Amino acid sequence: GIAGFVAVLWFAIPGEACILLGLAYLTGGAVNAIITLPFHKTASYGRLTVYILSVAVMFLADWEVSGRSTDHFVYNVAGTLLLAYMLLPFVVHVTHGRARDLKNQRRQIEQSLALSRANASLLERQREGRRMSLIAERAVDSIVMLDSDARILWVNTAFSRKTGYTLAEVVGKRPSEVLYGPESQTEVDEAILEAIRSGHPMRVENVNYTKSGQPFWVETNLAPVMDD
């Protein structure tokens with residue numbers, strides 16, 4: 001389209017004006033083609049080829065019209081090269097800026113994908129945690145969660161049903177403080193604490209007492225879980 005318009009200018013406008021206007025239109029088209037180069041390489045290279053050939057044809061035609069004046073031809077070529085040189089920093093800035101934008105967009109997409117994968121993993125862990133919590137809550141056997149000092153963090157419903165103690169009544173206390181009585185083996189408490197701190201599982205039997213003072217035998221299976 002631009003090359004055709006330049007041809008029309010050549011026949012419609014006499015003298016040097018047609019050369020100036022033609023170069024202006026072709027330069028604008030070339031800048032646009034370079035800007036769109038990252039998006040449509042084939043089309044942009046094709047347009048640039050047409051514009052370069054148009055300039056060459058225009059100069060050759062002007063050379064013939066001027067009586068094949070070498071000086072006239074050299075001045076036209078020199079002026080065109082000077083114009084291209086003046087536009088070069090702008091073109092480099094635009095193309096490099098676009099390359100940076102594309103790189104940043106790619107990095108943002110990669111970060112978004114990584115974040116999505118991390119969120120998906122976190123959601124799966126949360127779902128798994130809720131499933132495990134539901135299993136522990138509805139278990140038939142008593143389950144007691146202790147901290148590193150063997151103090152109660154959480155108990156399930158079966159524990160409260162068996163002992164008569166609610167979570168609020170036992171949280172922060174050692175099992176021996178609420179469950180031990182006259183017939184309980186007090187050394188078991190220290191053995192449990194040692195097993196927790198060493199990370200070793202243990203199994204032990206002992207006499208515990210309900211909130212109302214009724215004794216019952218309990219088998220404790222301790223399975224320490226260490227933080228990562």
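The model shown is predicted, which means the values in this text are computed figures rather than measured ones. Worth knowing before you read on, the calculation uses all heavy atoms, side chains too, and leaves out hydrogens, waters and symmetry mates.
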Go through the steps to decide whether Tyr209 and Val178 satisfy the test side chain to side chain contact (heavy atoms under 4.5 Å, CB included), and finish with yes or no. CA-CA 8 Å; Tyr209 288 80; Val178 291; over 6 Å; no

Decide whether Val207 and Met202 are clustered together by the hydrophobic rule: side chain heavy atoms of Ile, Leu, Val, Met, Phe, Trp, Tyr closer than 4.5 Å, transitively. no

What pairs meet the salt bridge (Lys or Arg N to Asp or Glu O under 4.0 Å) rule with one or both residues in residues 176-188, with sequence neighbours excluded?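 Sorted pair list: Arg151-Glu177.
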
Could you give all pairs that pass the salt bridge (Lys or Arg N to Asp or Glu O under 4.0 Å) test and reach residues 154-168, with sequence neighbours left out?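 For residues 154-168, and leaving out neighbouring residues, there are no salt bridge (Lys or Arg N to Asp or Glu O under 4.0 Å) pairs at all.
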
Cluster partners of Val218, using ILVMFWY side-chain heavy atoms under 4.5 angstrom, listed by chain and number? Phe216

Apply the hydrophobic cluster definition, ILVMFWY joined by side-chain contacts under 4.5 Å directly or through others, and give me every member besides Leu113.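 Listed partners: Ile109.
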
Any idea which heavy atoms bring [X] and [Y] closest together, and the distance?
| X | Y | answer |
| --- | --- | --- |
| Pro224 | Ala195 | CG-O, 3.7 Å |
| Ile196 | Leu222 | CG1-CD2, 3.9 Å |
| Ser160 | Leu167 | OG-N, 4.3 Å |
| Ala158 | Val140 | CB-O, 3.2 Å |

Side chain to side chain contact (heavy atoms under 4.5 Å, CB included) for Ser142 and Thr163? Distances and angles first, verdict last. CA-CA 9 Å; Ser142 298; Thr163 64; 5.6 Å; no

Working to the nearest 0.5 Å, report the span between [atom1] of [X] and [atom2] of [Y].
| X | Y | atom1 | atom2 | value |
| --- | --- | --- | --- | --- |
| Trp154 | Ile143 | CH2 | CD1 | 5.5 Å |
| Ile192 | Leu146 | CD1 | CG | 7.5 Å |
| Phe159 | Tyr165 | CZ | OH | 8.0 Å |
| Arg174 | Asp149 | CZ | CG | 6.5 Å |
| Thr220 | Glu205 | OG1 | CD | 9.0 Å |
| Asn208 | Ser184 | CG | OG | 5.5 Å |

Taking only residues two or more places apart in sequence or in another chain, which ones pass side chain to side chain donor-acceptor pair (under 3.5 Å) with Thr166?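 With sequence neighbours excluded, Thr166 shows a side chain to side chain donor-acceptor pair (under 3.5 Å) to Glu169, given in chain and number order.
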
Partner residues of Ser176 under the side chain to side chain donor-acceptor pair (under 3.5 Å) criterion, sequence neighbours left out: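 Only Asp189 meet the side chain to side chain donor-acceptor pair (under 3.5 Å) criterion with Ser176.
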
